[in-house]
Amino acid sequence: MNYYTIIKTRAPFDIRQTLFSGQSFLWNINKDEPDFYAAIIKSKPLIIKQIADNELEVYAEDKVINGVPLVDFISHYFTFDIDTEQIFPDNFSHLYPTLWQLLTDYFPVRIMRQDPFETMISFMCAQGIGMPLIRKQVSMLLQNYGEKRTISYSGKEITLHHFPSPERLAAANPIALSTCTNNNHPRARNIVRIAKGVADGKIDLDALSDPLLPLSELRRTLCQNEGVGYKIADCIALFGLGRFDAFPIDTHVKQYLGQWFNSTTALQSLTPARYLALDAEARTILKPDFAGYAGHLLFHCWRKEIKGLRTF
DNA sequence: CCCCAGGCTTTTC
DNA sequence: GAAAAGCATGGG
């Protein structure tokens with residue numbers, strides 16, 4: 001870690017809540033020093049330490065990451081260009097004053113522009129299990145299939161792992177990989193299969209990153225893969241493809257749509273048809289272009305404030 | 001043995 | 001076509 005810089009954000013930013021809001025399962029908190037966060041991003045180790053509400057210390061090996069100056073890369077990665085208070089409609093605070101009060105604690109949370117493949121695999125691990133178990137699965141994938149990297153930071157050696165490449169997961173034995181998927185064999189099979197698709201170029205994540213691609217088409221393409229339905233497809237779009245209009249609907253989102261926004265559809269079981277109906281409904285409550293971004297803040301707020309669930 | 005946890009696929013009407 | 005049942009695993 002021979003390069004170090006300070007980044008100031010315009011609005012308050014909470015990296016801890018951001019990293020552990022359930023959008024990323026890659027970043028690790030060092031148990032001995034709970035104040036810094038480390039991960040390998042674009043093959044480059046990064047260490048980030050929050051020193052004030054709007055100030056970060058960033059340690060890297062280079063001033064440039066993925067061909068972009070470090071400060072610009074981090075600003076883009078954590079979407080510092082987005083003002084999270086402004087992503088809600090103008091009349092939102094008047095329509096839902098009690099909710100708005102709860103939400104103010106969550107404006108320092110940002111959605112990250114994560115790697116598409118990493119997001120795809122991570123969220124395929126997220127069906128019907130709790131969030132701590134999802135973290136465990138992804139960290140096991142890193143340990144068993146991700147390239148190991150040791151770095152030194154403040155006099156200590158820290159071990160990190162790359163997220164496994166598509167080629168590496170494509171070559172994995174599904175039975176062996178199932179130790180990383182909660183012993184769920186079908187899930188392991190689907191992960192290996194989709195990794196092969198990406199490695200072969202049959203699934204073109206760069207093409208899917210085109211911001212002009214209609215959301216419905218993007219979702220339809222992603223759903224052609226076994227193990228990916230509407231919800232996972234929308235998560236890949238939102239967290240991995242920078243599509244802040246994508247609005248993933250899971251059990252928690254369904255619950256808050258019913259409770260906070262009086263959706264009657266949300267009170268019924270979540271069928272594909274109702275998924276699409278709720279998706280349309282959410283766009284009338286939230287700004288369509290930022291429905292998913294706002295939805296993630298609502299999701300995190302709902303889980304923590306109302307359900308009292310832990311994310312790590 | 002029950003239910004729940006950031007769903008998806010197959011069967012059935 | 002769409003609703004209902006089945007699936008899959010660990011933890012409380």
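Just so we're on the same page: letters track the sequence lines, and every chain starts at 1. Computed from a predicted structure; not experimentally measured. Heavy atoms only: backbone and side chains are in, while hydrogens, waters and symmetry mates are out.
A residue-by-residue look at A/Asn182 and A/Ala273 shows that A/Ala273 has its nearest nucleotide of DNA chain C further toward the 5' end. Both A/Asn190 and A/Ala126 lie close to DNA chain B; mapped to their nearest nucleotides by heavy-atom distance, the more 5′-ward contact belongs to A/Ala126.
Protein atom NE2 of A/His185 is 6 Å distant from nucleotide atom P of C/dT9, rounded to whole Å. For the pair A/Ile194 CD1 and B/dT9 P, the computed distance is 10 Å after rounding to whole Å. If you measure from atom CE of A/Met140 to atom C1' of C/dG10, you get 13 Å, rounded to the nearest angstrom. Rounded to whole Å, the distance from CE on A/Met124 to P on C/dT9 is 16 Å. Regarding A/Arg189, its CZ atom lies at a distance of 11 Å from the C1' atom of B/dT9, rounded to whole Å. The nearest whole Å value for the distance from the NZ atom in A/Lys254 to the P atom in B/dC4 is 12 Å. Taking atom CG of residue A/Leu270 and atom C1' of nucleotide B/dG7, one finds them 9 Å apart after rounding to whole Å. For the pair A/Arg187 CZ and C/dG10 C1', the interatomic distance rounds to 11 Å; values are reported in whole Å.
When each of B/dG7, C/dG10, B/dT9 is scored by its nearest atom to the side-chain atoms of A/Asn183, the top-ranked nucleotide is C/dG10. In the set B/dG7, C/dA8, B/dG6, the nucleotide with an atom closest to the side chain of A/Ile232 is B/dG7. When each of C/dT9, C/dA3, B/dG7 is scored by its nearest atom to the side-chain atoms of A/Ile129, the top-ranked nucleotide is C/dT9. Closest approach to the A/Asn184 side chain among B/dC8, B/dT9, C/dA8 is made by C/dA8 (side chain taken as heavy atoms from C-beta onward).
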Next on the checklist: Set out, in order, the CA-CA distance, both residues' side-chain angles and the distance that settles side-chain hydrogen bond (donor to acceptor under 3.5 Å, both in side chains) for A/Asp234 and A/Tyr275, then state yes or no.
Outcome noted: CA-CA 11 Å; A/Asp234 282 337; A/Tyr275 188 102; 2.6 Å; yes
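As rounded to the nearest Å, B/dC3 and C/dA5 have P atoms that lie 15 Å from one another. For the C1' atom pair drawn from B/dT9 and C/dG11, the interatomic distance equals 25 Å after rounding to whole Å. On the P atoms, B/dG6 is 25 Å away from C/dG6, given to the nearest whole Å.
The cationic group of A/Arg219 lies under 6.0 Å from the six-membered ring centre of A/Tyr230 and within 45° of the ring axis, placing it in a cation-pi geometry.
At a threshold of 4.5 Å between non-hydrogen side-chain atoms, the residues A/Pro69 and A/Asp72 count as touching.
Comment: A/Asp14 does not engage A/Arg16 in a salt bridge, judged by the lack of any side-chain N to carboxylate O separation of less than 4.0 angstrom.
Backbone-only contact: A/Gly227 has heavy atoms under 4.0 Å from sugar-phosphate atoms and none from a base. If you check every strand for non-hydrogen atoms under 4.0 Å, A/Arg303 touches sugar and phosphate atoms only. Residue-level contact check: A/Gln23 touches the bases, meaning some heavy atom is under 4.0 Å from a base atom.
A donor-acceptor contact under 3.5 Å is not formed by the side chain of A/Lys231 with the base of B/dG7.
Contact detail for A/Cys125 and A/Leu141: the closest heavy-atom pair is SG-CD1, 4.1 Å. Counting all heavy atoms, side chain and backbone alike, A/Asn54 lies closest to A/Ala11 at CB-O, 4.1 Å.
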